[in-house]
Amino acid sequence: MQKLRLRYAKRGRLRFTSHRDVARAFERALRRAGVPMAYSQGFSPHPKVSWAGAVPTGVSSVAEYAEVQLVERLDPEVLRDELNAALPDGIDVLDAADAEPGALADRLQVSRWRIDLPGTDVAELRDAVTALMAADTALVERMTKDGRRTIDARAALVSAEVQGGPRIVAQGDQISASTAQVDDWPEASEPYGILVTVVRQTTPVVRPDDVLSALRVVADLAPSAAASATRLEQGRLDDGGRIVDPLARASGGDRIPAGGPAAG
């Protein structure tokens, strides 16, 4: 039995695909690729695929993770390539590695998000973020399947950094390959604020829209246009506040980080 862990992206129009449909697409791709999957027991055996911390529907990500169990050993890079040939464009396996000991979920303690706010002045956004980070609490409400809940969004925030300005938005060639591309990115638009924030994986999970709600509660910031969010990275924080690649070997290694350095 072999366990492999995958990092995959969900972007483009497929960001509107639900997690259930993403899981179905993966199962179909595994069958088409002829991957020697391990199956559960019972009347309806299904491939052993574990998911952790799925991104909300409508949000892009280049740092989603899954774990698959195989009955025959397979080169991780071969699995990655075979799956990419079978998956629809917009769902892409970016990395694969043999699973290290311990649960995958335990390695996903924080997320680094990029939230794009077209129509929001950078200075106004920076003032709002400063106020939010200085606040002791920022209570926001969200409707859940169990009813309306109040969440302290501030308690989950590790860091928040404001970027932006028309030059950064307009000059696409300044964007590194490791940075997620945001759909409907304007060629030139100002004002345009970008918030990069690291958020702990609490229960319930604090999502990008909760962060925006917190900015509204604390600083009365109300974006004039729809915001878009992309998860750039997941992992656990090391002693230096950096996000550790969940696929990294315990002894270190030379794996490429999921989405660049953590926000300061």
Side-chain angles (χ1 to χ4, degrees), residues 3-12 14-15 17-19 22-23 26 49-68 76 80 83 87 90-116 151 153 155-161 176-182 194-212 228-250 252-264:
K3 286 185 180 180
L4 290 171
R5 289 173 179 167
L6 313 174
R7 176 170 69 90
Y8 67 96
K10 186 176 107 171
R11 50 194 168 188
L14 289 198
R15 70 185 187 278
T17 306
S18 70
H19 175 63
V22 169
F26 257 93
V49 183
S50 301
W51 308 90
V55 73
T57 301
V59 176
S60 301
S61 176
V62 292
E64 299 303 287
Y65 290 89
E67 182 178 273
V68 299
R80 181 197 60 195
L83 279 178
L87 283 167
I91 299 177
D92 308 293
V93 178
L94 305 177
D95 206 354
D98 284 298
E100 290 286 300
L104 175 59
D106 292 342
R107 292 178 169 231
L108 306 177
Q109 299 176 354
V110 298
S111 289
R112 187 162 71 98
W113 295 96
R114 172 186 170 126
I115 306 173
D116 285 66
I151 303 168
L157 288 177
V158 177
S159 64
E161 177 188 8
S176 69
S178 63
T179 301
Q181 298 297 299
V182 178
I194 299 171
L195 172 62
V196 178
T197 182
V198 176
V199 181
R200 289 189 182 87
Q201 313 275 54
T202 56
T203 302
V205 174
V206 171
R207 306 180 306 199
D209 53 338
D210 296 320
V211 177
L212 296 180
S228 62
T230 301
R231 177 146 60 190
L232 302 176
E233 204 172 357
Q234 284 196 84
R236 62 177 176 78
L237 289 175
D238 67 11
D239 294 338
R242 294 166 298 188
I243 298 179
V244 179
D245 181 357
L247 303 188
R249 296 179 177 84
D254 56 356
R255 302 197 61 80
I256 300 173

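Residue numbers run from 1 in the order of the sequence given.
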ask   = Which atom pair, heavy atoms only, marks the closest approach of Leu94 to Val62?
value = CD1-O, 3.6 Å
message = Could you work out, with side-chain hydrogen bond (donor to acceptor under 3.5 Å, both in side chains) as the rule, every residue matching Asp238, not counting sequence neighbours?
response = Arg242
key: salt bridge (charged side-chain N to carboxylate O under 4.0 Å, His left out): pairs with one or both residues in residues 58-67, sequence neighbours excluded   = Arg5-Glu67, Glu64-Arg231
note = So CD1 of Ile194 and CD1 of Ile115: to nearest 0.5 Å the spacing works out to 11.5 Å
inquiry  = Using 0.5 Å steps for rounding, measure from the CZ atom of Arg114 to the CD atom of Glu161.
reply    = 11.0 Å
ask   = In Å, rounded to the nearest 0.5 Å, how long is the span from CD of Gln109 to CZ of Arg236?
value = 7.0 Å
request  = Determine, step by step, whether Arg200 and Val206 satisfy the side chain to side chain contact (heavy atoms under 4.5 Å, CB included) criterion, reporting the C-alpha distance in whole Å, the side-chain angles of both residues, the deciding distance to 0.1 Å, and the verdict.
outcome  = CA-CA 8 Å; Arg200 289 189 182 87; Val206 171; over 6 Å; no
ask   = So, the side chain of Asp245 versus the backbone of Leu247: is there a donor-acceptor pair under 3.5 Å, distance only?
value = yes
query = For the atom pair OG (Ser60) and CZ (Arg15), what is the distance rounded to the nearest 0.5 Å?
reply = 5.0 Å
key: Nearest-0.5 Å distance, NZ of residue Lys3 to OG of residue Ser50   = 7.5 Å
Main-chain N/O of Ser159 paired with Thr197 side-chain donor or acceptor, under 3.5 Å = yes
task = Please report the closest heavy-atom contact between Val59 and Ala229, naming both atoms and the distance.
result = CG1-O, 3.4 Å
query = Do Val199 and Trp113 come within less than 4.5 Å of each other through their side chains, counting heavy atoms only?
reply = yes
request  = List in chain and number order the residues that pass side-chain contact (heavy atoms from CB on, under 4.5 Å) with Asp209, two or more places apart in sequence or in another chain; answer none if no residue qualifies.
outcome  = Arg207
ask   = Distance-only, no hydrogens or angles: does the Thr230 side chain make a donor-acceptor pair with backbone N or O of Leu232 under 3.5 Å?
value = no
key: Smallest separation among heavy atoms of Gln201 and Leu108, with atom names   = CG-O, 3.3 Å
remark   = side-chain contact (heavy atoms from CB on, under 4.5 Å) filter on Leu14, not counting sequence neighbours, yields Thr17, Pro88, Ile91
query = Can you tell if the side chain of Asp92 reaches within under 4.5 Å of the side chain of Arg11, non-hydrogen atoms only?
reply = yes
key: Value rounded to 0.5 Å, distance of CD in Gln234 from CD1 in Ile243   = 9.0 Å
message = Which heavy atom of Leu4 sits nearest to which heavy atom of Pro76, and what is that distance?
response = CD2-CG, 3.7 Å
key: Close aromatic pair by centroid cut-off 6.0 Å: Tyr65 and Tyr8   = no
remark   = Those residues at least two apart in sequence (or on a different chain) that pass side-chain contact (heavy atoms from CB on, under 4.5 Å) with Thr57 are Ser18
ask   = Are Leu195 and Val211 side-chain neighbours, meaning at least one heavy-atom pair lies under 4.5 Å?
value = yes
ask   = Are any of the side-chain heavy atoms of Arg80 and Leu6 separated by less than 4.5 Å?
value = no
task = Using atom types as modelled and distance alone, determine if a side-chain donor or acceptor of Arg107 lies under 3.5 Å from a backbone N or O of Val244.
result = no
